[in-house]
Amino acid sequence: MATDRIERIEAERDYIRIIGEGRSYLLRATLGDMESRLASQSFVRIHRSTVIDLTRIKGMRHVGAGAWVVIDADDTERPVGRNYLSGIRHRLRL
């Protein structure tokens, strides 16, 4: 799948699931490997198990007790890991 069609990538044990255009593909790879391949593009890690295309992020919302979510293009709220919060805010220029 071309990178401009990838919406997000999710970790599933020793595999990753690449999701985009209503389809998903399961590959044997690590999320860290894929994240480093996509680092120069518009992708950001939001959680230990999720990398998302920055252009799909509509906003962020604080949900209490230090927890945050990103709101993606289809209005789905995805949790943000506390270790990734500052990086996301920097990339989104918030």
Peer 1: Without swapping roles, check the side chain of R56 against the backbone of I6 for a donor-acceptor pair under 3.5 Å.
Peer 2: no
Peer 1: Step by step, work out the side chain to side chain contact (heavy atoms under 4.5 Å, CB included) result for V44 and I57.
Peer 2: CA-CA 10 Å; V44 64; I57 297 175; 4.2 Å; yes
Peer 1: Say whether L54 and L38 are linked into one hydrophobic cluster, either directly or through other cluster members, by side-chain heavy-atom distances under 4.5 angstrom.
Peer 2: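 In one cluster: no.
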Peer 1: Consider only side-chain heavy atoms of I, L, V, M, F, W and Y, link residues closer than 4.5 Å, and tell whether I19 and L26 are in one cluster.
Peer 2: no
Peer 1: Begin with the C-alpha distance, continue with both residues' side-chain angles, and end with the deciding distance and a verdict on side chain to side chain contact (heavy atoms under 4.5 Å, CB included) for R8 and D53.
Peer 2: CA-CA 6 Å; R8 71 183 181 280; D53 181 355; over 6 Å; no
Peer 1: Ignoring hydrogens and angles, tell me if any N or O in the side chain of T50 forms a donor-acceptor pair with the backbone of H47 under 3.5 Å.
Peer 2: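 No, the answer is negative, given that no donor and acceptor are paired below the 3.5 Å cut-off.
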Peer 1: Please give me the minimum heavy-atom distance between V69 and P79, naming the atom from each residue.
Peer 2: CG1-CA, 4.0 Å
Peer 1: Can you name the closest pair of heavy atoms from F43 and T3 and give their distance?
Peer 2: CZ-O, 3.5 Å
Peer 1: Which of these passes side chain to side chain contact (heavy atoms under 4.5 Å, CB included) with V80: I52, V70, V63?
Peer 2: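 That would be V70.
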Peer 1: Apply side chain to side chain contact (heavy atoms under 4.5 Å, CB included) to residues R89 and W68 and explain how you reach the verdict.
Peer 2: CA-CA 11 Å; R89 294 181 76 164; W68 288 79; 4.1 Å; yes
Peer 1: Please name the pair of heavy atoms, one in E21 and one in R5, separated by the smallest distance, quoted to 0.1 Å.
Peer 2: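 For E21 and R5, the tightest heavy-atom pair comes out as OE2-CD, 2.9 Å.
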Peer 1: Looking at R17 and E10, is there a salt bridge between them, counting it only when a charged N and a carboxylate O are closer than 4.0 Å?
Peer 2: no
Peer 1: Hey, quick one: are I46 and I71 part of the same hydrophobic cluster, counting side-chain heavy atoms closer than 4.5 Å, chains of contacts allowed?
Peer 2: no
Peer 1: Quick one: which residue pairs count as a side chain to side chain donor-acceptor pair (under 3.5 Å) with a foot in residues 69-82, not counting sequence neighbours?
Peer 2: K58-D75, R61-E77, D72-R78, D74-T76
Peer 1: When you measure from the side chain of R13 to the backbone N and O of Y15, does any donor-acceptor pair fall under 3.5 Å?
Peer 2: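 No.
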Peer 1: Which residues pass the side chain to side chain contact (heavy atoms under 4.5 Å, CB included) test with R37, not counting sequence neighbours?
Peer 2: M34
Peer 1: Rounded to the nearest 0.5 Å, what's the gap from OG on S36 to CG on L31? Could you check?
Peer 2: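 Answer for the OG-CG pair, S36 versus L31, is 10.0 Å.
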Peer 1: Going by ring pair (Phe, Tyr, Trp, His ring centres under 6.0 Å), name the residues that satisfy it together with H90, two or more places apart in sequence or in a different chain.
Peer 2: none
Peer 1: Find the distance between NE2 (H62) and CG (L85) and round it off to the nearest 0.5 Å.
Peer 2: 9.0 Å
Peer 1: Please examine the side chains of T30 and I16, heavy atoms only from C-beta on, and report whether any two atoms are closer than 4.5 Å.
Peer 2: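 Contact flag for I16/T30 side chains = no.
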